[in-house]
2 protein chains.
Amino acid sequence: MAVARTLMKREPPARKRRGHGAVLISDVARLAGVSAITVSRTLNKPQIVADSTRRAVQAAVDRLGYIPNRLAGNLASTQTRTIGVVIPSLFSNIFADSVRGMTDVLGSEGYQVLLGVTDDSLDMETKHVVSLLGQRVAGVILTGGMHQRRTRELLKNSGVPVVETNVMVRSSIDMVVGYSNEAAAYAMTRHLARCGYRRIGFVTTPMERNDRAQARRAGWLRAVREFGLVERAGLFREATLTVSHGARAFGEMLASDPDVEAVFLAHDMLASGAMFEARRRGLRVPDDVGIAGFDDLDIAQEFVPALTTVRTPRYAIGSTAARMVLQRIRGEATGSACVDMGFEIVQRDSTRRPPA
Amino acid sequence: MAVARTLMKREPPARKRRGHGAVLISDVARLAGVSAITVSRTLNKPQIVADSTRRAVQAAVDRLGYIPNRLAGNLASTQTRTIGVVIPSLFSNIFADSVRGMTDVLGSEGYQVLLGVTDDSLDMETKHVVSLLGQRVAGVILTGGMHQRRTRELLKNSGVPVVETNVMVRSSIDMVVGYSNEAAAYAMTRHLARCGYRRIGFVTTPMERNDRAQARRAGWLRAVREFGLVERAGLFREATLTVSHGARAFGEMLASDPDVEAVFLAHDMLASGAMFEARRRGLRVPDDVGIAGFDDLDIAQEFVPALTTVRTPRYAIGSTAARMVLQRIRGEATGSACVDMGFEIVQRDSTRRPPA
DNA sequence: GTGAAAGCGCTAACAC
DNA sequence: GTGTTAGCGCTTTCAC
């Protein structure tokens, strides 16, 4: 018998490697007078153990302050209750709102969020995905639809449910929930054209490696061409996502093209900067220049004049993404879903009104 | 022989439970012609394996697309590279900036962040701590110094490094890094008094279960009394953390006490609301009323007039907290540390200037 | 409804 | 420098 021989080859060293006094399931089992598996069942599927057993186990758990080791549990069950979430940044409520939507849904179902921030770097994104997969997350939620090929393959091969958010993409990894950035920017530009603006500048956050920003620019450009608006290089600018850079980009645009009639900034923080800059320069909004933003942050409606913007369903995107992942995990849903949550043009006072 | 008898009692069912085609360390080992432990060493301590071996293993890893199962690895080594971070919310750059400081430091050292958001609920905080401990995180970073007793005990008994942030507390769980909210609010109130304001209102975010807010109010009150300023119930208000609520609280304070000379709002988002509300009411800032904020968000310097505020070292708090945890994990530091990162009064144009 | 045995996929410890 | 063995602390499977 190979097995027996091997086992007897050497005396078991009987060494224990247990970390500092952690309470084990066996300790609880002993105190409760049951087996380890019964403790496990009491904790995970309370309904299948007898009432009296459950009480005894629960008492032992409380008395010892037992906290199950999830590493062991997850390894044994080959599943976790962790969802990996990868976002470009936390600077702006855009993603914070979505993450909140996710944690709300996930938390109530006993799932946790393992967060990765990429700073718009696709290398970082890939690193995070590898790491998440290494931790055997039960699902992954990404931002945008632009990923390295390795990321896509890793994810597809893993068989883990994946949701790409904040975009509408043609060839998704798995599932998608968001809205069309192109359509949203197009819609706002069209709206501005209807309000009578012909010379409409556009400011976006850096487009490299950011498909949302690229799509927004594309939407603006399509409208510019469709409606025969003024098309000039000076009417486009990139600015990093801070109020100050929004102000600066707006100022530079005015300098290079003093006749600009309206500026559409692809983020309310950028637009805030423009509003302040206009004030500093003594420009009246919307009489001298119209200003429009994107996202409808809380602050947009407080500005004087209130900011015209595009409202995006950030929280709902997060909560929906979370729900889609959970459904897939539970086998309640199959096939790739692509949910368009839409957007909304919010006309306020920072742009001229459209004709009635 | 008890061992042998047990083993032979039943034929080994030879069943495999392996999840969908995941590549195992044994697969890599076989392809590379080495043992599993050599693969493990190549991946974790490359310097201790021979060059040729390392190359062979690396090639096999790449070829098979092997991603180590961290659950198994962490269980076996009884340690993880995950740090639990618990914050009240993501709505405002306050915590986002700190989290960024943490992910920057932690990420570069191969550690990850497991994020828990409490919405200012101590019950939630405890739940998150239990969950983090269950995952055997290598460290925990909390916000504030107010926790349920159970949280404190759990953490202390766990032996895991803990940092409480954004406060200076007397009886910390383990380590602390932040600044004194009381001192900061006191300093700003004193500054306003020096600028000639006698009737100084104070608006804070809800204080219940928020020791930072409580401390700020205490600092304001201490200064009011020390400098013999006007003390009236109407000069204090709580407002949830949105621009709109800041505007509303400011408006209500003006209504209840039209003679208020300056309002100190304990968050720049609240102060932003006040700035907008002042503009809406046609009040000149700082001539008719002075407005001061807290945190020095990017937007503070852009306001017209620019906002006087308290600058807090948010990013540094996060990065320092992360570093402290890492040092402790590596045994480079012992004993409880309490790091005061300080703050700074930033005088701008939304309040009168102090006499020279 | 409960228990015994056998893993989950790695790494620590020790041997060579 | 590399291999063998025995766990890490749970849950799965199967038996009763």
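Residue numbering restarts at 1 for every chain, and letters A, B, ... go by the order of the sequence lines.
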Exercise. Relative to the 5' end of DNA chain C, which residue comes earlier, B/Ile37 or B/Ala72, by the nucleotide with the nearest heavy atom?
Worked result: B/Ala72
For this session: Report yes if at least one side-chain N or O of B/Asn44 is closer than 4.0 Å to OP1 or OP2 of C/dT11; otherwise report no.
Result: yes
Exercise. From B/Tyr66 OH over to B/Leu43 CG, what is the distance, rounded to the nearest 0.5 angstrom?
Worked result: 6.5 Å
For this session: To the nearest Å, give me how far apart CD (B/Gln135) and C1' (D/dC10) are.
Result: 14 Å
For this session: Name the nucleic acid region contacted by B/Arg41, choosing base, sugar-phosphate or nothing; use a 4.0 angstrom heavy-atom cut-off, strictly under.
Result: base
Problem set entry | Of B/Ala36 and B/Arg136, the one whose closest DNA chain D nucleotide lies more 5' | B/Ala36
Problem set entry | Separation of D/dT2 P from B/Ile48 CD1 (nearest whole Å) | 9 Å
Exercise. Within a strict 4.5 Å, meaning less than it, do heavy atoms of the A/Asn69 and B/Arg136 side chains meet?
Worked result: yes
Exercise. Where the side chain of A/Asn69 is concerned, which of D/dG9, C/dT11, C/dG9 is the nearest nucleotide?
Worked result: D/dG9
For this session: Report yes if at least one side-chain N or O of A/Ser77 is closer than 4.0 Å to OP1 or OP2 of D/dC10; otherwise report no.
Result: no
For this session: Could you list the residues that satisfy side-chain hydrogen bond (donor to acceptor under 3.5 Å, both in side chains) with B/His128, not counting sequence neighbours?
Result: none
For this session: Quickly work out the B/Leu71 CG to D/dG7 C1' distance and round it to whole Å.
Result: 17 Å
Exercise. Whole Å only: how far is the CD1 atom of B/Ile25 from the C1' atom of C/dA12?
Worked result: 13 Å
For this session: Measure from CD on A/Gln79 to P on C/dC8 and round the result to the nearest Å.
Result: 16 Å
Exercise. A/Arg81 CZ to D/dT11 P: how many Å, rounded?
Worked result: 12 Å
Problem set entry | Phosphate contact (D/dG9 OP1 or OP2) by A/Tyr66 side-chain N/O below 4.0 Å | no
Exercise. Side-chain N or O of B/Thr38 less than 4.0 angstrom from OP1 or OP2 on D/dT2?
Worked result: no
Exercise. If you check every side-chain atom of A/Thr53, which of C/dT2, D/dT2, D/dC10 has the closest atom?
Worked result: C/dT2
Exercise. Within the structure shown, what part of the strands sits under 4.0 Å from B/Asn74 by heavy-atom distance: base, sugar-phosphate, or nothing?
Worked result: nothing
Exercise. Between B/Arg30 and B/Asp27, is there a side-chain N and carboxylate O pair less than 4.0 Å apart?
Worked result: yes
For this session: Starting at atom CG of A/Leu75, determine the distance to atom C1' of C/dC8, rounded to an integer number of angstrom.
Result: 4 Å
Exercise. Do any side-chain nitrogens or oxygens of A/Ser35 fall under 4.0 Å of OP1 or OP2 in C/dG3?
Worked result: yes
Exercise. Expressed in angstrom and rounded to an integer, what is the separation of A/Leu43 atom CG from D/dG9 atom C1'?
Worked result: 13 Å
Exercise. When you check the phosphate oxygens OP1 and OP2 of C/dA12, does a side-chain N or O of B/Lys45 lie under 4.0 Å from one of them?
Worked result: yes
Problem set entry | B/Arg209 atom CZ, over 12 foreign heavy atoms within 6.0 Å | yes
